[in-house]
Undergrad: 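Here it is, the structure in full.
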Amino acid sequence: LQVSDISVQVKQSSRDLIARVINRRGDPVVGAAVSLRDSSGKWSPVLARTNEFGEALVQRRDSELDGRLLVRAQLADGSS
């Protein structure tokens with residue numbers, strides 16, 4: 001089920017996360033802001049923006065990604 005114009009695919013390890021953002025046609029979305037909510041419910045600031053392939057790499061060296069994340073991709077116009 002897709003309720004917005006963009007979709008996010010995520011792959012992660014304990015310290016790295018790659019988010020791929022595409023539109024309804026399957027085209028990469030450039031410049032989408034990627035942020036995370038951890039298991040405690042705390043949102044991070046924008047951690048990365050998608051490149052020309054629609055991909056954003058988030059690397060956390062100060063802490064581990066716990067696997068119970070909510071990933072948000074937000075477009076420049078504020079939609080997500």
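We number each residue from 1, following the sequence as shown.
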Undergrad: Closer than 3.5 angstrom, by distance alone: can the side chain of Ser7 be matched with the main-chain N or O of Ile22 as a donor-acceptor pair?
TA: no
Undergrad: State, with a plain yes or no, whether a side-chain heavy atom of Leu70 is found less than 4.5 Å away from one of Leu36.
TA: no
Undergrad: When rounded to the nearest 0.5 angstrom, what distance separates CD in Glu55 from CD in Gln9?
TA: 9.5 Å
Undergrad: If Ile, Leu, Val, Met, Phe, Trp and Tyr residues are connected whenever their side-chain heavy atoms lie under 4.5 Å apart, and connections chain through other members, are Val8 and Val30 in the same group?
TA: no
Undergrad: Check Ser35 against Pro45 and note the closest heavy-atom contact, atom names and distance.
TA: CB-O, 3.8 Å
Undergrad: To check you understand the geometry: which heavy-atom pair defines the closest contact between Ala33 and Arg49, and what is its length?
TA: CB-NH1, 3.4 Å
Undergrad: Applying salt bridge (charged side-chain N to carboxylate O under 4.0 Å, His left out), which residue pairs with at least one partner in residues 26-46 are found, sequence neighbours left out?
TA: Arg25-Asp27
Undergrad: Using the side chain to side chain contact (heavy atoms under 4.5 Å, CB included) definition, which of the options Val34, Val10, Val58, Leu57 pairs with Ile18?
TA: Leu57
Undergrad: Test side-chain contact (heavy atoms from CB on, under 4.5 Å) on Arg72 and Trp43 and set out the steps.
TA: CA-CA 10 Å; Arg72 176 173 55 194; Trp43 279 100; 3.7 Å; yes
Undergrad: Does the side chain of Ile6 reach to within under 4.5 Å of the side chain of Leu75, using non-hydrogen atoms?
TA: yes
Undergrad: Please report the interatomic distance CG(Asp5) to CZ(Arg24), rounded to the nearest 0.5 Å.
TA: 5.0 Å
Undergrad: What residues form a side-chain hydrogen bond (donor to acceptor under 3.5 Å, both in side chains) with Ser39, not counting sequence neighbours?
TA: Asp66, Arg68
Undergrad: If we ignore hydrogens and angles and just use 3.5 Å, is the side chain of Thr50 paired with the main-chain N or O of Ala56 as donor and acceptor?
TA: no
